[in-house]
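Here is the structure we will look at.
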Amino acid sequence: MKNPLCVLLPVLCLINLFFSPLPLQANAPIFYFYDQKTRVEIIVSLRNAMRINYSLWHLKKTRLKNFDSDRVFTKAVQQEKQIKDPTDNTLRASHNLAFIDRLHLLTSQFKDSHLRLSCIKKRPKIFNGIRLGLVANKVHLVGLNEKIMAWAKKNTLEDVTFVQPQLGDEVISVDDKPILTALKQLVAYQQASSPDYARLQATKALTSRSYAYPQRNYSDWSLRSKTTGKLYRTRLPYYHEQHRRKDAHAYLTTVGIKPVDELLTSWDKDKKTWHPHQLDSWLGYEPHHPPKGFFGTTYYRQQPPGQQTPLEPVLRFGLITRKGQSYGVLQVFSLNDSQVIPQDSSEPIDYFTPIIEGVRMLKQEKTPLIVDLRVNDGGHALYPAKFLEILTPENTSYSPPTWMFRLTPMIQQLYESVENFNPHLGAEGHFPNVVELIKIARQHNHQYLGPFNNQPEITAHEKVGGYNEAIVALTSPSCSSACDILSSLLK
């Protein structure tokens, strides 16, 4: 089938697009190839699918300056018609990858963090063992992988000087390009609703990404030492993660970017066997680490079947003391779990239980609360109102979030669902109201449903009885989707 297989999930403005390349022919290369005709068909199919199912297709024209959804796609089609098909296998591999890059550039123009584009066979990430952070418009080195650094030093060519980068060093340039210029070029690929989030994601992509592959297997970095203030240069090779995509394999092999497997296995001469290793020896900043001076209990994500240890923390609750004043600190890393597992237990408990218990304790001690939302990419859109119930003062009420949907086929099918098994999503409460609004919109040939509330008025949670102490919320560009709703409700 030449047209892409598209699966669209319309949670307000969420669209995931999966596409499949042209089938192999008798004289085809060893991997699938997107020829010009297929590339144009994919873009046209994508445009048609978004016209029907993308909630913000028409609204983007009013929200973005000099933007028109149809004009963006028309320009993309014209661009593809100017790009000829190569016959060389190596060029075909790079053309495949470049086409997917252009699709990312296309969808990024909608400036929507929920508009996601992915392939059935994912392209592998390349990385070089350092992590960067953007602070006050300067890029600094915030993470180092010891294993990759040792490997880079060991395999440095004789005529190239390897200098070990240090945490905190400022990055001046990469491949003789000013670092902010390189950063700006990667910003263009980001599906991001805000400029700050785009810059944050692009900063990470400078050293780890699955798009805009380099044309050689290393990059040259110029840095300023944090300790001496002196400039120095170093060369860092790229590696790629395991994958099953043939065109990416052909390109990465040609360029000379090695698989990370070479770093993660060692030969035991005595037992005559290979030993696998983990690439987990990172030094530096870790967003899920507790703040300095923090003490308390960590709650983890529920263990998946067969998983020996819990995943990254979902919630962390504890205390911190500053200038003689104690504060409760609630770090919320996800709004996507129905259950969590306490640090010292293997039994899952309800997601909101540790929050309720923690706020009740703070209420008894009359201790103010800091809610840390700085590393949270969202989750269930109905969780924020449930969350706010726990923090609402006594004898106080707030309006819940107001929703409005575009009348797409997917939205109509979604609300034809009879039941919802997640106890926190208020399944039966708002479904009849939305179904009635859909009927009204159909009768009047409206594109959008009338506004509605998914949940009842927000009042103090019965198990807390009202929390009257001061609350401070910490946010960042990484607080998105449901987290953004929560931060708005806290305001």
Rounded to the nearest 0.5 Å, how far apart are NE2 of H104 and OG of S210? 6.0 Å

K258 side, atom NZ; H240 side, atom NE2 - distance, nearest 0.5 Å: 10.5 Å

Where P384 and H380 come nearest, the two heavy atoms and their spacing: CD-O, 3.5 Å

Going by the angle between their ring planes, with limits at 30° and 60°, are H288 and F333 parallel, tilted or perpendicular? tilted

I want to check something: taking the side chain as every heavy atom from C-beta on, are V332 and L330 in contact at a cut-off of under 4.5 Å? yes

Heavy-atom pair of closest approach, residues L106 and A76: CD1-CB, 4.1 Å

F127 vs Y239 aromatic rings, parallel, tilted or perpendicular, using cut-offs 30° and 60°? tilted

Hey, are the side chains of L236 and T207 touching, using non-hydrogen atoms and a 4.5 Å cut-off? no

Hits for salt bridge (charged side-chain N to carboxylate O under 4.0 Å, His left out) against R216, two or more places apart or cross-chain, chain-then-number order -> D175, D220

Non-hydrogen side-chain atoms of T203 and L200 separated by less than 4.5 Å: no

Keeping to residues at least two apart or across chains, list the salt bridge (charged side-chain N to carboxylate O under 4.0 Å, His left out) pairs with something in residues 94-107. E80-R102, D101-R123

From CG (L186) to CG (L206), nearest 0.5 Å: 5.5 Å

Could you pull out the closest heavy-atom pair between Q190 and A198, with the gap in Å? CG-O, 3.5 Å

Value rounded to 0.5 Å, distance of CD in Q166 from CG in L223: 10.5 Å

Can any side-chain N or O of K121 pair as donor or acceptor with the backbone N or O of R245 at less than 3.5 Å? no

Under the rule for salt bridge (charged side-chain N to carboxylate O under 4.0 Å, His left out), what residues qualify as partners of R233, not counting sequence neighbours? D176

Give a yes or no on whether the backbone of S173 and the side-chain of S222 come within a donor-acceptor separation of less than 3.5 Å. no

So does Q215 have more than 12 non-hydrogen atoms from other groups sitting under 6.0 Å from CD? no

Can you say whether the rings of H249 and H243 are parallel (under 30°), tilted (30 to 60°) or perpendicular (over 60°)? tilted

Is any side-chain heavy atom of Y213 closer than 4.5 Å to one of S94? no

Could you pull out all residues at least two apart from R199 that satisfy side-chain hydrogen bond (donor to acceptor under 3.5 Å, both in side chains)? N137

Here the pair of heavy atoms bringing P354 nearest to L315 is CG-CD1, 3.8 Å

Measuring from atom CG of L103 to atom OH of Y34, what distance do you get when rounded to the nearest 0.5 angstrom? 8.0 Å

Side-chain donor/acceptor of S476 to backbone N/O of R374, under 3.5 Å: yes

Donor-acceptor contact below 3.5 Å, side chain S193 vs main chain S113: yes

I'd like to know whether F99 forms a side-chain contact (heavy atoms from CB on, under 4.5 Å) with I83, so could you lay out the CA-CA distance, the side-chain angles of the two residues, the decisive distance to 0.1 Å, and finally the verdict. CA-CA 10 Å; F99 169 60; I83 301 174; over 6 Å; no

Are the side chains of E170 and K226 in contact, using a 4.5 Å heavy-atom criterion? no

Are side-chain heavy atoms of Y189 and L105 found at a separation under 4.5 Å? yes

Working for side-chain contact (heavy atoms from CB on, under 4.5 Å), residues L64 and K111: CA-CA 9 Å; L64 300 177; K111 300 188 184 307; 3.9 Å; yes

Side-chain touch I356/D350, heavy atoms, less than 4.5 angstrom: no

Minimum heavy-atom separation for P214 to R209, with atom names? CD-NH2, 4.0 Å

List the residues meeting ring pair (Phe, Tyr, Trp, His ring centres under 6.0 Å) with H289, not counting sequence neighbours, and say none if there are none. none

The complete set of salt bridge (charged side-chain N to carboxylate O under 4.0 Å, His left out) pairs with one or both residues in residues 81-91, sequence neighbours excluded, reads R39-D85

Yes or no on side-chain contact (heavy atoms from CB on, under 4.5 Å) for W221 and I179, after CA distance, side-chain angles and deciding distance? CA-CA 9 Å; W221 297 78; I179 193 62; 4.2 Å; yes

Has the side chain of T253 got a donor or acceptor atom that lies under 3.5 Å from a matching backbone atom of A250? no

Using a 4.5 Å cut-off on heavy atoms from C-beta on, say whether the side chain of V314 contacts that of S334. yes

I'd like to know if the side chain of Y383 reaches the main chain of D337, judged simply by a donor and an acceptor atom lying under 3.5 Å from each other, with no hydrogens or angles considered. yes

Report the C-alpha separation of I390 and Y467 in whole Å, then their side-chain angles, then the decisive distance to 0.1 Å, and conclude whether the side-chain contact (heavy atoms from CB on, under 4.5 Å) test is met. CA-CA 7 Å; I390 302 170; Y467 176 71; over 6 Å; no

Nearest heavy atoms of R224 and Y232, plus distance in Å: C-CE2, 4.4 Å

In Å and rounded to the nearest 0.5 Å, what is the CG to NZ distance from N96 to K246? 13.0 Å

